[in-house]
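Notes for the one structure printed next.
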Amino acid sequence: MWRSKKHNVVSRSSVEAKFILIAFGICELLWMKIVLEDLRIKWDELLRLYCDNKSAIGIAPNPMQHDTTKHVEVDRHFIKEKLDNGLICTPYVPTGGQLADIFTKGVQNPSFRSILDKLG
């Protein structure tokens, strides 16, 4: 997501923080799809939400109850529903491939140059 917002949930781990962001990201993607439909642009492909945390990606489709993530259970069900309906997919992207990092954190020079080249 390209904005910051104070969240009303305190996460206990980076996995939970990413998991909450995945839920917010899906909401943003669904909103963008509605905007495109209003502009009469049809998007039939899967909506892709890239994430650099394999644990967060693996929590939603797993039907087992996770004791460490029970306070984000609503988000887990929301994400699982969208995955099951075939609306979205959450492919893994390594941390080095996260282009948004150039805008959100201090990136060392070699990584900075590589990301800058990818952005054009």
Check: Lys82 and Leu30 side chains under 4.5 Å, non-hydrogen atoms: yes
4.5 Å side-chain heavy-atom contact, Ile88 and Leu49: no
Just list the side-chain donor-acceptor pairs under 3.5 Å for residues 34-42, sequence neighbours left out, or say none.
none

Rounded to the nearest 0.5 Å, how far apart are CD1 of Ile22 and CG of Leu29? 11.5 Å
Partners meeting side chain to side chain donor-acceptor pair (under 3.5 Å) with Lys18 (sequence neighbours left out): Asp52
Going hydrophobic residue to hydrophobic residue with side-chain gaps under 4.5 angstrom, can you get from Ile26 over to Trp43? yes
Go through the structure and list residues passing side chain to side chain donor-acceptor pair (under 3.5 Å) with Asp84, not counting sequence neighbours. Lys80
May I ask you to test the Leu87-Lys33 pair for a side-chain heavy-atom distance under 4.5 Å? yes
Nearest atoms (heavy-atom pairs only) where Ile79 meets Ala23: CD1-N, 3.8 Å
Hydrophobic clusters here meaning ILVMFWY residues chained together by side-chain heavy-atom distances under 4.5 Å, can you tell me if Ile57 and Leu21 are in one? no
